[in-house]
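Here is the structure we will look at.
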Amino acid sequence: MKINCVTPVFVEFIPQKPENGKLYISDEYSIAVHLCCCGCGEKVVTPFSPADWQYQIGSDGVSLSPSIGNWSYECRSHYFIRNNLVIWANGMSDKQIERVKQRDLADKHAYLAKRNAERNRSWIWKAITYIKRSIKKLFRQ
């Protein structure tokens with residue numbers, strides 16, 4: 001049975017057996033989980049990060065973005081969750097799915113490269129600051 005509306009449930013830990021129609025959100029673990037809205041019973045896991053999914057709380061409910069594309073499941077369902085409502089999207093061909101997967105992978109690699117570069121710059125500045133302080137101390141003595 002297709003689900004057209006989800007109920008957000010804020011939890012620390014995702015339950016072992018999620019209930020149909022509930023969107024479990026764990027801020028502590030940056031993840032949301034729900035059962036596929038097509039009714040097939042598959043567990044859908046959406047990790048939160050700038051390269052994966054994000055959620056927003058609005059006055060009318062919770063929204064997830066980007067869309068949910070369950071292309072590795074037999075149902076191959078595709079939908080959006082906007083203000084607790086499930087908005088069904090058109091199916092996609094294998095070629096379209098492959099392009100989306102490649103774009104998602106490229107986005108993730110770009111995000112990780114940027115994050116690693118920021119960490120490296122941070123480490124370099126910390127090292128430079130430490131060296132400067134050490135040199136100043138040496139000359140004060």
Side-chain angles (χ1 to χ4, degrees), residues 1-140:
M1 170 191 241
K2 263 189 178 181
I3 302 293
N4 291 311
C5 182
V6 295
T7 302
V9 180
F10 292 87
V11 297
E12 180 177 359
F13 301 107
I14 304 300
Q16 288 286 81
K17 294 185 178 186
E19 292 180 35
N20 227 359
K22 293 193 176 175
L23 175 65
Y24 298 94
I25 299 169
S26 172
D27 284 320
E28 290 86 351
Y29 295 99
S30 299
I31 197 165
V33 174
H34 67 282
L35 296 180
C36 182
C37 292
C38 82
C40 70
E42 292 283 352
K43 190 184 292 186
V44 179
V45 177
T46 50
F48 301 141
S49 84
D52 291 305
W53 284 268
Q54 295 90 42
Y55 82 95
Q56 292 181 324
I57 301 173
S59 59
D60 294 330
V62 171
S63 298
L64 272 182
S65 69
S67 65
I68 309 295
N70 295 327
W71 301 305
S72 60
Y73 298 153
E74 191 174 320
C75 66
R76 293 172 57 126
S77 62
H78 184 209
Y79 50 90
F80 295 84
I81 296 177
R82 296 283 183 263
N83 298 317
N84 297 352
L85 299 175
V86 178
I87 300 166
W88 292 94
N90 292 332
M92 297 175 84
S93 69
D94 289 340
K95 194 179 234 183
Q96 290 171 311
I97 291 169
E98 192 54 39
R99 279 197 305 261
V100 169
K101 286 181 179 180
Q102 291 300 317
R103 187 188 66 222
D104 288 349
L105 188 60
D107 289 348
K108 189 167 281 197
H109 283 296
Y111 167 71
L112 292 174
K114 179 181 174 194
R115 190 169 165 202
N116 288 337
E118 288 168 356
R119 283 186 176 163
N120 288 340
R121 277 194 300 274
S122 173
W123 179 85
I124 290 169
W125 283 112
K126 286 178 185 175
I128 290 170
T129 303
Y130 175 78
I131 292 167
K132 282 182 180 179
R133 285 184 188 148
S134 298
I135 291 171
K136 283 181 182 178
K137 270 187 187 177
L138 188 63
F139 283 108
R140 276 191 233 143

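Numbers here are sequence positions counted from 1. What you see is a predicted model; the values in this text were computed from it and never measured. When reading the values below, keep in mind they use all heavy atoms of this one structure, side chains included, and skip hydrogens, waters and symmetry mates.
In this structure, the side chains of H34 and I68 come closer than 4.5 Å at one or more pairs of heavy atoms. Residues C40 and S77 form no side-chain contact, since every pair of their non-hydrogen atoms from C-beta on lies 4.5 Å or further apart. Counting heavy atoms from C-beta outward, C38 and W88 have side chains that approach closer than 4.5 Å. The shortest side-chain heavy-atom distance between M92 and V100 falls under the 4.5 Å cut-off.
At distances below 3.5 Å, at least one donor-acceptor pair connects side-chain atoms of S49 with backbone N or O atoms of A51. Of the possible donor and acceptor atoms, one in the side chain of Y24 sits under 3.5 Å from a partner among the backbone N and O of E19. A donor-acceptor pair under 3.5 Å links the side-chain atoms of S26 to the main chain of E12, judged by distance alone. A distance-only check finds a donor-acceptor pair linking the side chain of S63 to the backbone of N83 [under 3.5 Å].
Electrostatic pairing of D60 and R82 does not count as a salt bridge here, judged by no charged N lying under 4.0 Å from a carboxylate O. Taking the charged nitrogens against the carboxylate oxygens, D94 and R76 do have a contact shorter than 4.0 Å, which makes a salt bridge.
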Legend entry - Check against side-chain hydrogen bond (donor to acceptor under 3.5 Å, both in side chains), D27 and Y55: CA-CA 10 Å; D27 284 320; Y55 82 95; 2.5 Å; yes
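Contact between S67 and W53 at its shortest, heavy atoms only, is O-NE1, 3.2 Å. The minimum heavy-atom distance linking C37 with V86 is given by the pair SG-CG2, 3.6 Å. Here the closest non-hydrogen pair linking D52 and P47 is CB-O, 3.1 Å.
With respect to L23, the side-chain contact (heavy atoms from CB on, under 4.5 Å) criterion is satisfied by exactly one of V44, V62, N84: V62.
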